[in-house]
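Letters A, B, ... mirror the listed sequences (proteins, then strands); counts begin at 1. If you're wondering where the values come from, they're calculated on a predicted model, not measured in any experiment.
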Number of protein chains: 2
Amino acid sequence: MKVLLVEDDQFHASYMEDVLVETLPEVTQIFHAVNGQEAEREARAMSIEAVVMDLRMSQCNGIEAAQILWQERADTRILFWSNYADEAYLRGISAIVPEDSAYGYLLKTAPRDRLKLALRAVLVEGQIMVDREIHRLQRRTSSPRNTLDDSEFAVLLDLSLGLQDRMIAERQGMSLRTVQNRLLSLYDKLGVEDVSDDETPINKRVRALNRALITRTLNIETLETAEREFERWQSSRA
Amino acid sequence: MKVLLVEDDQFHASYMEDVLVETLPEVTQIFHAVNGQEAEREARAMSIEAVVMDLRMSQCNGIEAAQILWQERADTRILFWSNYADEAYLRGISAIVPEDSAYGYLLKTAPRDRLKLALRAVLVEGQIMVDREIHRLQRRTSSPRNTLDDSEFAVLLDLSLGLQDRMIAERQGMSLRTVQNRLLSLYDKLGVEDVSDDETPINKRVRALNRALITRTLNIETLETAEREFERWQSSRA
DNA sequence: AGACCTTATGCGGGAACCCGCAATGCTCTT
DNA sequence: AAGAGCATTGCGGGTTCCCGCATAAGGTCT
């Protein structure tokens with residue numbers, strides 16, 4: 001089995017390589033890439049079917065890279081391996097994972113044993129495996145039922161790009177007023193108060209983006225990805 | 001000399017420890033911390049005068065930790081050591097560095113030789129040293145003269161918190177209209193177009209925050225820090 | 001079936017925002 | 001000293017935003 005390791009931190013890369021050879025005797029070759037473009041080239045040239053992917057890299061981020069890999073062959077098995085337990089990453093991944101593909105999401109702070117287990121489960125057995133830390137995070141209830149549903153999240157993405165209500169409505173196929181209702185529930189779930197302590201009114205749109213970032217519902221990579229998707233959508237109609 | 005190493009990634013920590021003992025025979029003891037609170041305690045208990053500090057950590061971030069250390073003893077020598085060349089970090093540091101303190105900013109991708117040099121220059125010789133990669137970034141000219149001056153940056157921070165014009169004016173001691181002028185130049189420098197390609201008007205405030213994040217003028221840690229500062233400011237008047 | 005709840009949508013108004021126009025005051029040059 | 005240039009501030013108007021109120025459609029429970 002050939003494995004592609006996409007990781008721009010040399011220490012983490014060599015650690016992972018070490019664990020790979022120790023854990024999986026099935027592995028015959030390990031290829032390297034330090035960003036998304038390289039990963040794409042390598043995977044195509046070497047017909048890779050198992051990948052370990054860092055999420056935060058310079059250039060193209062891990063989620064977009066994974067999307068390209070899965071477009072080319074949907075049965076690619078990918079273990080995402082990240083420093084951060086951002087809800088944004090998990091949402092990004094579940095938005096692009098093909099029907100019955102194998103993938104996993106593990107934190108870099110996971111102990112060696114759990115890493116070994118995840119490597120075998122995902123890359124060899126083709127299972128789906130998500131680090132408990134991350135799963136727990138998704139179900140958190142810091143404020144009452146603050147889990148965003150898909151349409152709310154889509155509106156949040158559009159908002160974060162700076163789109164106005166009218167454009168969001170057009171893009172989401174909603175009426176103007178519905179978009180505004182979504183925004184209302186977004187403000188609620190993100191904990192956007194209409195006034196701060198000291199009777200200071202705030203700009204809710206900006207505040208919503210701020211809160212989404214601080215709670216890790218969004219992160220900067222998400223914004224970049226959303227931007228590119230918006231441009232594609234915009235050019236695909238005219 | 002006692003050195004405190006603040007770093008939550010074990011690989012990077014052991015690498016740094018390795019380089020430290022190899023490079024600086026002056027070092028007698030190396031203490032460890034994995035976040036800002038620990039760093040504060042250790043530094044106080046051990047009367048530390050030289051620190052190597054990661055910037056992105058869970059809990060308290062590196063810049064706030066440094067601020068506390070410098071408040072307790074202004075002659076502490078700190079080498080910041082980060083994965084990311086965000087302008088936001090550099091601004092955050094230069095905003096809190098005391099008069100003639102020694103500090104440095106180095107990327108983790110820097111080669112071992114440059115790291116050794118920086119360690120000696122900052123921790124032993126008390127010089128100031130900023131990685132060329134970062135310095136270059138600060139002077140970038142992707143769009144014409146897009147370097148924000150201090151007052152523009154302050155307004156950007158307030159905007160990113162979701163403050164309205166009136167409140168920004170009060171906090172910055174400007175008139176309402178002046179704040180709006182600052183916003184105008186912010187929109188200009190951040191490349192906020194009034195319309196996208198396809199005649200799609202946008203929400204400039206949100207767009208400004210979006211652009212600031214994508215260009216790394218701000219990052220999420222900056223937002224968190226700004227939030228705490230705003231709360232302090234707000235409670236210190238009433 | 002009828003009461004009830006949730007969701008989508010329309011309407012209207014008050015507040016905030018964006019920004020052109022213009023007046024004032026400061027600095028710098030000639 | 002006069003004029004050019006820039007920052008600061010006020011005013012006014014057009015637009016967007018936020019949201020209460022009201023209506024309609026569709027689902028659920030008794």
**Student:** Side chain of B:S175, heavy atoms from C-beta onward: which of C:dT9, D:dG10, C:dC18 has the nearest atom to it?
**Tutor:** D:dG10
**Student:** Report yes or no: is the cationic atom of B:R56 (NZ for Lys, CZ for Arg) closer than 6.0 Å to the six-membered ring centre of A:Y84, at no more than 45° off its axis?
**Tutor:** yes
**Student:** Using whole Å, report how far CD of A:Q180 lies from P of C:dT7.
**Tutor:** 17 Å
**Student:** Between atom CD in B:Q164 and atom P in D:dT16, what is the gap in whole Å?
**Tutor:** 19 Å
**Student:** Hey, which sits more toward the 5' end of DNA chain C by its nearest nucleotide, A:R177 or A:R182?
**Tutor:** A:R182
**Student:** Could you state the atom-to-atom distance from CD1 of A:I168 to P of D:dC18 in whole Å?
**Tutor:** 10 Å
**Student:** Among D:dT9, C:dG10, D:dC18, which nucleotide has an atom closest to any side-chain atom of B:M174?
**Tutor:** D:dT9
**Student:** Under 4.0 Å between a side-chain N/O of A:K204 and OP1 or OP2 of C:dA16, yes or no?
**Tutor:** no
**Student:** Whole-Å distance between D:dT15 C1' and A:L163 CG?
**Tutor:** 17 Å
**Student:** For atom CG of A:D149, decide whether the heavy atoms of other residues, nucleotides or ligands shown that lie under 6.0 angstrom number more than 12.
**Tutor:** yes
**Student:** Assign each of A:Y187 and B:N181 to its nearest nucleotide of DNA chain D by heavy atoms, then name whichever residue's nucleotide is nearer the 5' end.
**Tutor:** B:N181
**Student:** D:dT16 P sits how many Å from A:L159 CG, rounded?
**Tutor:** 16 Å
**Student:** Using a cut-off of 4.0 Å on non-hydrogen atoms, how would the nucleic acid contact of A:N203 be classed: base, sugar-phosphate, or nothing?
**Tutor:** sugar-phosphate
**Student:** Regarding B:L176, tell me which of base, sugar-phosphate or nothing describes its non-hydrogen contacts under 4.0 Å with the strands shown.
**Tutor:** nothing
**Student:** Does atom CZ of B:R228 have more than 12 heavy-atom neighbours from other groups under 6.0 Å away?
**Tutor:** yes
**Student:** In terms of relative ring orientation, are A:H12 and B:H12 parallel, tilted or perpendicular, with 30° and 60° separating the classes?
**Tutor:** parallel
**Student:** How close or far is atom C1' of C:dC17 from atom CD1 of A:I202, stated in whole angstroms?
**Tutor:** 15 Å
**Student:** I need the CG-C1' distance between B:L209 and C:dC17, as an integer number of Å.
**Tutor:** 16 Å
**Student:** Could A:R91 and A:F153 be counted as a cation-pi pair, given that NZ or CZ must be under 6.0 Å from the ring centre and within 45° of the axis?
**Tutor:** yes
**Student:** Rounded off to whole Å, could you give me the CG-to-P distance for the A:L186 and C:dT7 pair?
**Tutor:** 14 Å
